[in-house]
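To keep things clear, I will list the structure first and then write my remarks on it.
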Amino acid sequence: VQLQASGGGLVQSGGSLILSCAPSGSRYRVRSMAWYRQAPGKQRELVALIDDRTNTEYVPSVKGRFTISRDNAKNTVYLRMNSLQPEDTAVYFCNTITRSLPWGQGTEVTVSS
């Protein structure tokens, strides 16, 4: 299973982006999924998760600004990011909550001040 994350880009501080994540070349069904990010020189960290009952959790730094969602019909997980700040700059990845799948290439988000 290869998870494809997309939607990143360059945005000014205060701007918004919507990231998407879907499996490619597989019948894998996304259920309990999470978004992670890795900033330059830092470890990969969990940002948000959604379980199979659509309960969601967020790290404090993004709570109120980011929203994770899942579209079962499209087999896609999204991360809507509002009020982006320079400290949100990172490569964003999706994976299961338990990080059980191979990591994809991620999608790069750069927030300029």
Side-chain angles (χ1 to χ4, degrees):
V1 177
Q2 187 72 26
L3 293 171
Q4 294 279 90
S6 61
L10 174 63
V11 63
Q12 289 188 335
S13 181
S16 298
L17 286 172
I18 300 176
L19 306 184
S20 301
C21 169
S24 63
S26 169
R27 294 184 178 181
Y28 182 83
R29 303 299 299 179
V30 295
R31 284 293 179 263
S32 297
M33 301 293 292
W35 283 95
Y36 304 82
R37 67 185 179 188
Q38 187 166 17
K42 295 188 177 181
Q43 289 189 338
R44 194 167 300 180
E45 64 170 350
L46 174 69
V47 175
L49 64 84
I50 183 167
D51 68 15
D52 57 354
R53 297 184 180 183
T54 67
N55 296 310
T56 59
E57 292 184 16
Y58 302 88
V59 293
S61 60
V62 308
K63 202 168 186 178
R65 300 188 297 123
F66 290 12
T67 303
I68 187 171
S69 62
R70 183 180 64 232
D71 186 328
N72 292 334
K74 295 183 178 180
N75 200 29
T76 300
V77 178
Y78 301 96
L79 185 69
R80 181 174 186 85
M81 307 186 294
N82 294 329
S83 303
L84 283 162
Q85 301 300 317
E87 51 266 34
D88 296 317
T89 294
V91 179
Y92 285 72
F93 304 85
C94 60
N95 207 321
T96 66
I97 289 176
T98 58
R99 309 187 183 199
S100 61
L101 297 177
W103 292 100
Q105 292 188 336
T107 185
E108 189 167 3
V109 173
T110 303
V111 185
S112 63
S113 57

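Here the structure is a predicted model, which is why all the values come from computation and not from measurement.
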State whether the side chain of [X] and the backbone N or O of [Y] hold a donor-acceptor pair below 3.5 Å, judged by distance alone.
X: S32; Y: D52; result: yes
X: S20; Y: S6; result: no
X: N95; Y: L101; result: yes
X: T56; Y: I50; result: no

When you compare the side chain of [Y] with that of [X], does any pair of heavy atoms fall below 4.5 Å?
X: T96; Y: R31; result: no
X: S16; Y: V11; result: no
X: V62; Y: R37; result: yes

Inset, instruction - Please identify each residue that fulfils ring pair (Phe, Tyr, Trp, His ring centres under 6.0 Å) with F93, with sequence neighbours left out. - result: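 With sequence neighbours excluded, F93 shows a ring pair (Phe, Tyr, Trp, His ring centres under 6.0 Å) to W103, given in chain and number order.
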Does atom [atom1] of [X] have more than 12 heavy-atom neighbours, drawn from other residues, nucleotides or ligands, at distances under 6.0 Å?
X: E57; atom1: CD; value: no
X: Q105; atom1: CD; value: no
X: R53; atom1: CZ; value: no

Grab the two heavy atoms, one from [X] and one from [Y], that are nearest each other, plus how far apart they are.
X: S113; Y: S13; value: CA-CB, 4.2 Å
X: R80; Y: N82; value: NE-OD1, 3.5 Å
X: P23; Y: V1; value: CB-CG1, 4.0 Å

Inset, instruction - Under the salt bridge (Lys or Arg N to Asp or Glu O under 4.0 Å) rule, collect the residues that match up with R65, sequence neighbours excluded. - result: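 Only D88 meet the salt bridge (Lys or Arg N to Asp or Glu O under 4.0 Å) criterion with R65.
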Path from [X] to [Y] over hydrophobic side-chain contacts below 4.5 Å:
X: L10; Y: L17; result: no
X: Y36; Y: V91; result: yes
X: L19; Y: L84; result: yes
X: L49; Y: M81; result: no

How many angstroms lie between [atom1] in [X] and [atom2] in [Y], if you round to the nearest 0.5 Å?
X: I18; Y: L79; atom1: CD1; atom2: CG; value: 9.5 Å
X: N75; Y: R70; atom1: CG; atom2: CZ; value: 9.5 Å
X: S69; Y: M33; atom1: OG; atom2: CE; value: 12.5 Å

Legend entry - Q38: which of E45, R44, Q43 passes side-chain contact (heavy atoms from CB on, under 4.5 Å):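 Filter result, single survivor: R44.
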Inset, instruction - Please collect all disulfide (SG to SG under 2.5 Å) contacts where either partner lies in residues 28-61, sequence neighbours excluded, each pair once. - result: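 Passing the test, one end in residues 28-61: no pairs.
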Legend entry - Qualifying disulfide (SG to SG under 2.5 Å) pairs, either residue in residues 48-113, two or more places apart: C21-C94
Legend entry - Pairs satisfying ring pair (Phe, Tyr, Trp, His ring centres under 6.0 Å), at least one member in residues 51-81, at least two apart: none
Legend entry - Pairwise ring pair (Phe, Tyr, Trp, His ring centres under 6.0 Å) hits with a residue in residues 15-35, at least two apart: none
